[in-house]
Participant: 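Mind having a look at this structure? Questions to follow.
In this text, all values refer to a predicted model and were calculated from it rather than measured experimentally.
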Amino acid sequence: MKYLLLVVFTFSFLNAQQFTKVSTGPQSNDGGDSRCVNLIDYDNDGDLDLFVTNGPLSKANNFLYKNNGDGTFTKVTDASVVKDPGSYDGSTWADYDNDGNIDVYSATWWGQKNSLHRQYNGKFEKINSGTIANDFTFSETASWGDYDNDGYLDLYLANSSENKANNLYKNNGDGTFTKITNGPHVTENKTSRSVDWFDYDNDGDLDIFVANEGNENNSLYKNMGDGNFISITTGAIVTDGGDSFGSSVGDIDNDGDLDVFVADHANQNDFLYKNNGDGTFTKVTSDPVVISGGYSVGSAFGDVDNDGDLDLFVTNAFSGNSQAKNFLFHNNGNGSFTKIDTGIVVNDPGWSYGVAMGDCDRDGDLDIFTANCFGANQNNSLYRNEGNANKWLTVKVNGTVSNKSGIGTKVKVKGTINGIPVWQYRQVAGQSGYCGQNLESHFGLGNAAMIDSLVVIFPSGQQSVQTNVTPNQVITITEKIPSGYLRGAFIVDSLQGRIPLTVQFTNISVADPAQPITTVQWDFDNDSIVDATSHTAQHTYTLPDTYTVRMIVSNGTVSDTMIAKELIVVLRPKTAPSIQSFLPTVTDTTIPKNGKVNFKVSIIDTSDSPVTLTWTRNSVLQSSQENTYTYASNALFPAPRTDTFKVVAGNEFYSVAKQWLVNVTNVIAGVDRHATLPSYRLDQNYPNPFNPTTTIKFEIAHDGDVTIKLFDSIGRLVQTNVKDTFTKGEHAVEMNAENLPSGIYYYTITTGIFKETKKLMIVK
């Protein structure tokens, strides 16, 4: 046996891969303060595209590069995912709504809102509703994982400052999420950096490993199978305190269970824990992986030399100088490693943050991409693997009963390498190694002539077993649908628009082919009236509102209902604001050169879009956002003269303006003379931001009815705060937002001829 191990080691070492740094293309000439790397096929054309997040305090746009099919990339500039600036760290891609299009969630730091973009009909749209899109957090990274095996992906978010408890959002299956608030996985207050969902105890559900920095112990939460988690408190894996930034899981010794690598910063040694197969881990203490020191951040397991075992790449950053270098460790074939010190991939100085491995050029070997950040202006790096003669296999999975992206799926491959039968094991994950992701499972096969067995175990428990599979190919495994199974599901081509809004609905329900769907019933406004019965249908909404949609499908024996709550947002048409009244009624005005005049405008807008007001004097900005403006003439200015004044009221679509003249005479008045105007005023709420109450002050000139309404950031009415009769004069009312999520809102007062809107912020 010792002789066999020596042969395997020598073969791996002599065939250690050489990498070439790619210098051409936008992916190698864009940079800045980059963070995360996702290698994902976002356009479903069969190759790996590239997404890179950027995280400076001042905010920046993320990068998306479309793979041209030959390992080169074209930069995408017109998608919402690259036109949404923020201070981004980690990102995770998955088809969370099971519509066949992959979506993306990006985590932000500095107390900002995180970003969820849903892809449908070939385009992306930012989701603005729900706590998942409106929590203000100091987040490092996030990962999708179906912890309750219901076929819908949930999201776990790692936080490292302020309220440091991590977040778990349960997918309700209708496009919405519920925030989970009970359990150690969402209440323990640690400085969390990264998260890995993986089934460490092989009991069929996803557990959670969290890397914590600041020399805090890392966290392992065992999934109990009933929606609850317990915190594991024994063993080195949760009692070693370190400045841990990230982690990666992989079967380094090909024994059928997942081992854990932890990247430690601050010139500390990294951690490596071997899974004992019984729910416990043994700490590795003498391997080059754990004695190399460094300022480790990201990591990725992958078989870079295609010899049948997992190698390890580790990034380094924030070392105090620009000479941090990354690590590459080659697996010796028995779960131990040799550190590689030659080649550009480990001798390219700078600061590398996230890393992902993937076969970008479809030549059968793993390329490496690193997100770089030295000086917040370092270009990112793509290293092309030049390959060797070893065999390989790439497996893509497609869930049906399980989540569409197949996250949590176990992929096992058996091949005879150097005369020895070898089983290899991967698990599809929503994140790996603090800021990296690839949903494909890549296997090196050495000199194996044939793949003896390919076993795919989906989260639902459904299995696919193939034998005598030809190597050197990309293969897609689709989950078999159980006998009699039926689950209603549909997609739409539009989530939001202005009346009249026509929406295309398409039935994508999952059903046993032997018992296909026989009837479909659509209720487009949830009024219990069937509006259509075809598999695809169109509906035109003519009234502004938020609509819940219901679909019922039946196979003649059983039926299933999908309800998408508040799915379609229909706004008023695009209209310009209109000036309802203007005071003084005679706008051209004459005043003495030490006089003043008050102007007041009342605006009506029916577009559900906030209105902005600007006042100018002789084309110079004087005031903004207020519906009143007082002009006081300075007695020292030359007179007589004529000044031109203008007020512009605009929404996001159109604007309307009013212009008038003020004649200033060469007269010093004994007292100020100004137009007498009724006094209307809406003050800025105080405090702002607030939680959960704030005070709104206003003034009205006449007795009358007053209404104050609160709208969300896309113009939907969320509550009416005031609807009463008030006497003329100043008043103060309290607003309670206890039941509303954090976010930007607009409050509008309406009374008589007066209407005004101001912005407020709720922070919880």
Participant: May I ask you to check whether over 12 heavy atoms, not counting those of K66, lie within 6.0 Å of atom NZ?
Facilitator: yes
Participant: Flag yes if more than 12 heavy atoms outside Y686 fall under 6.0 Å of its OH atom; otherwise flag no.
Facilitator: no
Participant: Do the side chain of N159 and the main chain of A165 share a donor and acceptor less than 3.5 angstrom apart?
Facilitator: yes
Participant: Starting from the C-alpha separation in whole Å, work towards a yes-or-no answer on side-chain contact (heavy atoms from CB on, under 4.5 Å) for Y65 and V76.
Facilitator: CA-CA 6 Å; Y65 306 97; V76 177; over 6 Å; no
Participant: Could you tell me if H117 and D84 have a donor-acceptor pair between their side chains, going purely by distance under 3.5 Å?
Facilitator: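 Yes, a side-chain donor-acceptor pair sits under 3.5 Å.
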Participant: If you take all heavy atoms of T748 and K755, which pair is closest and at what distance?
Facilitator: CG2-CE, 3.6 Å
Participant: Grab the two heavy atoms, one from I591 and one from S633, that are nearest each other, plus how far apart they are.
Facilitator: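 In this case the closest contact between I591 and S633 is CD1-CB, 4.0 Å.
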Participant: Is K658 positioned over the aromatic face of F582, cation under 6.0 angstrom from the ring centre and no more than 45 degrees off axis?
Facilitator: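 That pair qualifies as a cation-pi contact.
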Participant: Are the side chains of T137 and E162 in contact, using a 4.5 Å heavy-atom criterion?
Facilitator: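 Heavy-atom side-chain distance check fails, nothing below 4.5 Å.
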Participant: Can a donor-acceptor pair be found, under 3.5 Å and without considering hydrogens, that links the side chain of K709 to the backbone of Y746?
Facilitator: no
Participant: Show the numbers, then the answer: is there a ring-ring contact (aromatic ring centres under 6.0 Å, His included) between F524 and F505?
Facilitator: CA-CA 9 Å; F524 298 122; F505 295 85; 4.6 Å; yes
Participant: Using modelled atom types and a 3.5 Å cut-off, is there a donor and acceptor pairing between side-chain atoms of N134 and backbone atoms of K113?
Facilitator: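 Checked: no pair found.
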Participant: Would you check if there is a donor-acceptor pair between the side chains of N68 and T74 at a distance under 3.5 Å?
Facilitator: yes
Participant: Check whether the side chains of N651 and D605 place a donor and an acceptor atom closer than 3.5 Å, and report yes or no.
Facilitator: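 Indeed, the side chains of N651 and D605 share at least one donor-acceptor pair under 3.5 Å.
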Participant: Looking at L661, is its backbone amide N or carbonyl O close enough to the side chain of T644 to form a donor-acceptor pair, meaning the two atoms are under 3.5 Å apart?
Facilitator: no
Participant: Using a strict threshold of under 4.0 Å (side-chain N to carboxylate O), is an ion pair present between D89 and R35?
Facilitator: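 Looking at R35 and D89, the cut-off is met.
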Participant: Does E566 offer a backbone N or O that forms a donor-acceptor pair with the side chain of T548 under 3.5 Å?
Facilitator: yes
Participant: Checking Q112 side chain against F138 main chain: does a donor-acceptor pair fall under 3.5 Å?
Facilitator: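 Absent.
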Participant: Checking side-chain polar atoms at under 3.5 Å, does S160 have a donor or acceptor matched by the opposite partner on S192?
Facilitator: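 No, no side-chain donor-acceptor contact under 3.5 Å.
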Participant: Can you find a pair of side-chain heavy atoms, one from Y42 and one from L64, that are under 4.5 Å apart?
Facilitator: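 Yes, close enough: below the 4.5 Å cut-off.
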Participant: With a 4.5 Å cut-off on side-chain heavy atoms, are N114 and S106 touching?
Facilitator: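 Not in contact.
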Participant: Do T77 and K75 pass the side-chain contact (heavy atoms from CB on, under 4.5 Å) test, and can you show the C-alpha distance, the side-chain angles, and the key distance before you say yes or no?
Facilitator: CA-CA 6 Å; T77 59; K75 187 174 183 178; 4.3 Å; yes
Participant: Between N38 and Q437, what is the shortest heavy-atom contact and its length?
Facilitator: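 The answer is ND2-OE1, 2.9 Å.
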Participant: Just wondering, do D683 and F698 contact through their side chains at under 4.5 Å, heavy atoms?
Facilitator: no
Participant: Check the pair W93, F51 against ring-ring contact (aromatic ring centres under 6.0 Å, His included), reporting the backbone distance first and the verdict last.
Facilitator: CA-CA 10 Å; W93 288 73; F51 183 74; 5.2 Å; yes
Participant: With Y631 as reference, evaluate W615, W660, F645 under the ring pair (Phe, Tyr, Trp, His ring centres under 6.0 Å) test and give the passing residue.
Facilitator: F645
Participant: May I have the step-by-step check of side-chain contact (heavy atoms from CB on, under 4.5 Å) for S381 and N372, ending in yes or no?
Facilitator: CA-CA 7 Å; S381 300; N372 303 327; 2.9 Å; yes
Participant: State, yes or no, whether a side-chain contact exists between E213 and F245 at a heavy-atom distance under 4.5 Å.
Facilitator: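 Yes, side chains in contact.
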Participant: Pairing donors with acceptors under 3.5 angstrom, does anything connect the side chains of N598 and T628?
Facilitator: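 N598 vs T628: no donor-acceptor pair found between side chains.
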Participant: Please find the pair of heavy atoms, one from T502 and one from T540, that lie closest to each other, and give the distance.
Facilitator: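 Of all heavy-atom pairs spanning T502 and T540, the closest is OG1-OG1, 2.8 Å.
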Participant: So, are K723 and D705 salt-bridged, with charged N and O less than 4.0 Å apart?
Facilitator: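 A salt bridge is absent here (no side-chain N lies under 4.0 Å from a carboxylate O).
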Participant: Test your reading of the model: is there a side-chain donor-acceptor pair from N29 to the backbone of S23, 3.5 Å cut-off?
Facilitator: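 Checking the backbone N and O of S23 against the side chain of N29, a donor-acceptor pair under 3.5 Å is found.
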Participant: Would you check if I700 and H702 make a side-chain contact, meaning some heavy-atom pair closer than 4.5 Å?
Facilitator: no
Participant: I'd like to know if the side chain of T694 and the backbone of P687 have a donor-acceptor N/O pair within less than 3.5 Å.
Facilitator: yes
Participant: Count the heavy atoms of every other residue, nucleotide or ligand shown that sit under 6.0 Å from NZ of K126, and state whether that count exceeds 12.
Facilitator: yes
Participant: Using the side-chain contact (heavy atoms from CB on, under 4.5 Å) definition, which of the options K123, Q504, Q538 pairs with D493?
Facilitator: Q504
Participant: Hey, mind stepping through Y96 and Y105 against ring-ring contact (aromatic ring centres under 6.0 Å, His included) and telling me if it holds?
Facilitator: CA-CA 10 Å; Y96 78 85; Y105 185 90; 9.4 Å; no
Participant: For the side chain of Q496 and the backbone of S494, is there at least one donor-acceptor N/O pair under 3.5 Å apart?
Facilitator: no
Participant: Do you know which two heavy atoms are closest between L543 and V570, and how far apart they sit?
Facilitator: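 Smallest heavy-atom distance, with atoms named: O-CG1, 3.6 Å.
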Participant: Given Y169, which partner from the list T178, T131, D135, T176 fulfils the side chain to side chain donor-acceptor pair (under 3.5 Å) test?
Facilitator: D135
Participant: Are I491 and Y120 close enough, and set up right, to give a side-chain contact (heavy atoms from CB on, under 4.5 Å), and what steps lead you there?
Facilitator: CA-CA 8 Å; I491 57 174; Y120 66 101; over 6 Å; no
Participant: Please determine if E125 and R118 form a salt bridge, counting it only when a charged side-chain N lies under 4.0 Å from a carboxylate O.
Facilitator: no
Participant: Salt bridge check, K758 against E756: does any charged N sit closer than 4.0 Å to a carboxylate O?
Facilitator: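 Yes, E756 and K758 are salt-bridged.
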Participant: Other residues, nucleotides and ligands only: do more than 12 of their heavy atoms fall within 6.0 Å of NZ on K164?
Facilitator: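 For K164, atom NZ is crowded (more than 12 foreign heavy atoms under 6.0 Å).
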Participant: Y745 vs F711, test: ring-ring contact (aromatic ring centres under 6.0 Å, His included). Steps then yes/no.
Facilitator: CA-CA 6 Å; Y745 294 82; F711 300 86; over 10 Å; no
Participant: Would you say S34 and N380 are linked by a side-chain donor-acceptor pair, where the criterion is simply a distance under 3.5 Å?
Facilitator: yes
Participant: Is a side-chain N or O of Y434 found less than 3.5 angstrom from the main chain of G90, in a donor-acceptor match?
Facilitator: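 Not a single qualifying donor-acceptor pair exists.
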Participant: Side chains of K565 and N526: closer than 4.5 Å at any heavy-atom pair?
Facilitator: no
Participant: Could you check if a side-chain atom of D30 sits within less than 4.5 angstrom of a side-chain atom of N379, using non-hydrogen atoms only?
Facilitator: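 No, every pair of side-chain atoms sits at 4.5 Å or beyond.
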Participant: Using side-chain contact (heavy atoms from CB on, under 4.5 Å) as the criterion, point out the one residue from S319, S322, P349 that pairs with F374.
Facilitator: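 Running side-chain contact (heavy atoms from CB on, under 4.5 Å) over S319, S322, P349 with F374 returns exactly one hit, S322.
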Participant: Between E699 and K728, is the closest basic N to carboxylate O distance under 4.0 Å?
Facilitator: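 So K728 does not pair with E699 through a salt bridge.
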